[in-house]
Amino acid sequence: IQSILPQEDDYGHRVEDVNAVELRHLQHFYSSGLITLNPAEWDTLRCLHEARNALSHLEVLSYSKIQAVFKTVDSLS
């Protein structure tokens, strides 16, 4: 990721520090062709981003979504 920075995010804000990169930035970089992800990596990113967005809007995650998040996290270790 460091090698493609600085970049503008999907809101036009400049992202310069790799430690400031958020899940939404990764999705934007992927959608813009700045980074490549294999299908499993894309599924992981999408799962975590969807869960994060739901929680940030105070939505309750379904049991199946919680299971998907745990499965995703387990696959990373």
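Values in this document were obtained by computation on a predicted structure and should not be read as measured data. The chain is numbered in sequence order, starting from 1. What's counted below: heavy atoms across the whole structure, side chains too, no hydrogens, waters or symmetry copies.
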>> My understanding is that only residues two or more places apart in sequence, or in another chain, count here; which of them pass salt bridge (charged side-chain N to carboxylate O under 4.0 Å, His left out) with K71?
In response: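 Listed in chain order: nothing, the list is empty.
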
Partner residues of [X] under the side-chain hydrogen bond (donor to acceptor under 3.5 Å, both in side chains) criterion, sequence neighbours left out:
{"X": "E59", "result": "none"}
{"X": "E16", "result": "R14"}
{"X": "S56", "result": "R52"}
{"X": "T36", "result": "none"}

Does [X] have any side chain to side chain contact (heavy atoms under 4.5 Å, CB included) partners at least two apart in sequence or in another chain, and if so, which?
{"X": "E8", "answer": "none"}
{"X": "H25", "answer": "D9, V15, V21, E22, F29"}
{"X": "D17", "answer": "N19, A20"}
{"X": "D74", "answer": "none"}

[X] [atom1] to [Y] [atom2] distance, which is reported to the nearest 0.5 Å:
{"X": "C47", "Y": "K65", "atom1": "SG", "atom2": "NZ", "value": "4.5 Å"}
{"X": "L48", "Y": "T72", "atom1": "CG", "atom2": "OG1", "value": "5.5 Å"}
{"X": "N53", "Y": "E50", "atom1": "CG", "atom2": "CD", "value": "8.5 Å"}
{"X": "L26", "Y": "L34", "atom1": "CG", "atom2": "CG", "value": "11.0 Å"}
{"X": "Y11", "Y": "R24", "atom1": "OH", "atom2": "CZ", "value": "6.0 Å"}

> Can you name the closest pair of heavy atoms from N38 and A40 and give their distance?
Replying inline: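 It is OD1-N, 3.0 Å.
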
> Applying ring-ring contact (aromatic ring centres under 6.0 Å, His included), which residue pairs with at least one partner in residues 46-68 are found, sequence neighbours left out?
Replying inline: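 Matches after skipping sequence neighbours: none remain.
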
> Linking Ile, Leu, Val, Met, Phe, Trp and Tyr through side-chain heavy atoms less than 4.5 Å apart, which residues share a cluster with L61?
Replying inline: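 Hydrophobic cluster check, L61: joined to L55, I66, F70.
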
